[in-house]
Amino acid sequence: MTRDLMMSRRDVLASGLVLGVSALAPAVRASAPIKVAGVHASPVENAWNSVLHKALQDAAAEGVIEYVFSEGISGTDYPRAMREYAEQGAKLIIGEAYAVEKQAREVAADYPETAFVLGSSGKESGDNFGVFGTWNHDGAYLAGMLAGKMTKSNVVGSVGAMPIPEVNMLINAFAAGVKAVNPDAKHLVTFIGTFFDPPKAREAGLAQIDAGADILFGERIGTADAAKERGLKSVGSLIDYPPRYPDTVFANALWGFRPILNAAIADVSAGKPVGKDYTAFGLLKEGGSDVAYVKGVAPADAEAAMEAKRAEIKSGAFEVPRITDEPK
């Protein structure tokens, strides 16, 4: 079987996932490195956190920032960690407010000279609290188009963390992609109630397989282990999974944080307010996300139809529905 990783090996390198890095880099490098703190609620091996962590590490290696971080911070300790980094002189704090929306904004209000840019389901607040969403739903929709043409049981499954708007949007987009090419397909959804528990995600995936699913969408890491165990196919999210699951994961809804990080660093370096929504820098049409797939796994006509839809998304001719209601 040919394993030409169409988007994550070649096209992604030539696409906005990398262009988003270079486009802002000269302006960012014009200023002295700023101290940036990463506050990670999950271990940095978690897919979402790993994307942030790598972008921050890369920026530090390039001399753009000085990077310090903490990982596995519980919700009860999260505000304390934010305060400690602000007290230590961090100019920009990157993290996630999903479990601590109210408390995170209270911390930002207490440190008006510190910029906070956090993953959030809420809105920006004041001049120093910016937000970003993980909007790789375009890639999820496109991967769903492939899955919809590949399923033999006409049942696919999605394993997610919890029904927050962004997770809902991603799973709904995958389901919409499936339905666009296979209206009769059934979609199973399971939430594991936490952002990082690979064994629990595996068990949820196995249960969906027992219920008839023959392709799984892993919004949570660990889902692909269930598919691998049963000899089935899986779709990954955020990062490039085929090297880890070469015979299991055939497509990924990729997301890159560096374009968002670059925009935030540029604002901090220029003394501009960061109280804005940086989400758009992560969209496919802006070069911040994409689909990756192993060519030849899905039928050729399915790949062609998906690529045609991808071109429409990039041009703005088609917009993937952003449905944040809990999927059923």
Side-chain angles (χ1 to χ4, degrees), residues 39-53 71-79 81-82 94-105 118-123 131-137 139-141 143-144 156-178 187-209 211 213 216-227 234-239 241 252-253 255 257 277 279 282 289 320-328:
V39 186
H40 302 282
S42 298
V44 293
E45 66 186 281
N46 184 37
W48 188 86
N49 299 90
S50 74
V51 174
L52 271 65
H53 187 56
E71 59 182 318
I73 306 299
S74 68
T76 54
D77 282 342
Y78 206 89
M82 293 172 63
I94 299 290
E96 52 205 280
Y98 299 110
V100 289
E101 294 283 358
K102 180 175 181 293
Q103 298 94 321
R105 285 166 171 74
L118 276 62
S120 173
S121 297
K123 300 292 186 182
V131 297
F132 63 88
T134 313
W135 282 16
N136 58 327
H137 58 295
Y141 181 93
V156 299
S158 294
V159 177
M162 54 191 71
I164 62 173
E166 282 195 325
V167 173
N168 293 345
M169 183 169 66
L170 187 62
I171 291 176
N172 285 327
F174 172 75
V178 171
H187 181 224
L188 307 177
V189 182
T190 305
F191 293 103
I192 63 173
T194 181
F195 287 111
F196 187 73
D197 192 334
K200 196 169 184 179
R202 170 185 164 275
E203 289 298 325
L206 289 172
Q208 290 184 347
I209 292 170
L216 301 181
F217 174 49
E219 192 276 326
R220 285 297 105 184
I221 190 169
T223 309
D225 293 306
S234 181
V235 173
S237 178
L238 298 174
I239 62 176
Y241 281 101
N252 296 275
W255 180 67
F257 182 64
D277 190 338
T279 300
S289 61
V320 174
R322 299 172 187 170
I323 304 171
T324 58
D325 297 336
E326 182 175 347
K328 304 296 184 185

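The aromatic rings of W48 and Y98 lie perpendicular to each other, with more than 60° between the two planes, well past the 30° mark. Aromatic ring pairs are classed by plane angle as parallel below 30°, tilted from 30° to 60° and perpendicular above 60°; the pair H137 and W135 is perpendicular.
Contact detail for P79 and Q103: the closest heavy-atom pair is CG-CB, 3.7 Å. Closest approach of T190 to A204, counting heavy atoms only: CG2-CB, 3.7 Å. Here the closest heavy-atom approach between residue L170 and residue A140 is recorded as CD1-CB, 3.4 Å. V167 and G160 get closest at one heavy-atom pair: CG1-CA, 4.3 Å.
Between the S289 side chain and the W255 main chain, no donor and acceptor come within less than 3.5 Å of each other. Using modelled atom types, one side-chain atom of E71 and one backbone atom of V44 make a donor-acceptor pair closer than 3.5 Å. Here the side chain of Y78 pairs a donor or acceptor atom with the backbone of E96 at under 3.5 angstrom. N136 places a side-chain N or O within 3.5 Å of a backbone atom of A253 that can act as its donor or acceptor partner. Distance alone, capped at 3.5 Å, is enough to place a donor-acceptor pair between the E166 side chain and the T134 backbone.
S120 places a side-chain heavy atom less than 4.5 Å from the side chain of E101. The side-chain heavy atoms of V156 and L216, taken from C-beta on, include no pair separated by under 4.5 Å.
Residues passing the side-chain contact (heavy atoms from CB on, under 4.5 Å) test with P327 are N168, I171, N172, V189, F191, sequence neighbours excluded. In this structure A175 satisfies the side-chain contact (heavy atoms from CB on, under 4.5 Å) test together with H187, sequence neighbours excluded. Applying the side-chain contact (heavy atoms from CB on, under 4.5 Å) criterion to A201, with sequence neighbours excluded, gives V159, I192, R220, T223.
Summarising the geometry, atom CG belonging to N49 is positioned 9.5 Å from atom CZ belonging to F195; distances are rounded to the nearest 0.5 Å. Between F196 atom CZ and E45 atom CD the span is 4.0 Å, to the nearest 0.5 Å. Rounded to the nearest 0.5 angstrom, S158 OG and L188 CG are separated by 8.5 Å. Expressed to the nearest 0.5 Å, how far CZ of F132 lies from CG of L52 amounts to 4.5 Å. Note that CG of D197 is 10.0 Å distant from CD of E203, once rounded to the nearest 0.5 Å. A distance of 5.0 Å separates CE of M82 from CG of L118, quoted to the nearest 0.5 Å.
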>> Let's go through S237 and N252 carefully: what are the C-alpha distance in whole Å and the side-chain angles of both, what is the deciding distance for side chain to side chain donor-acceptor pair (under 3.5 Å) to 0.1 Å, and is it a yes or a no?
In response: CA-CA 5 Å; S237 178; N252 296 275; over 6 Å; no
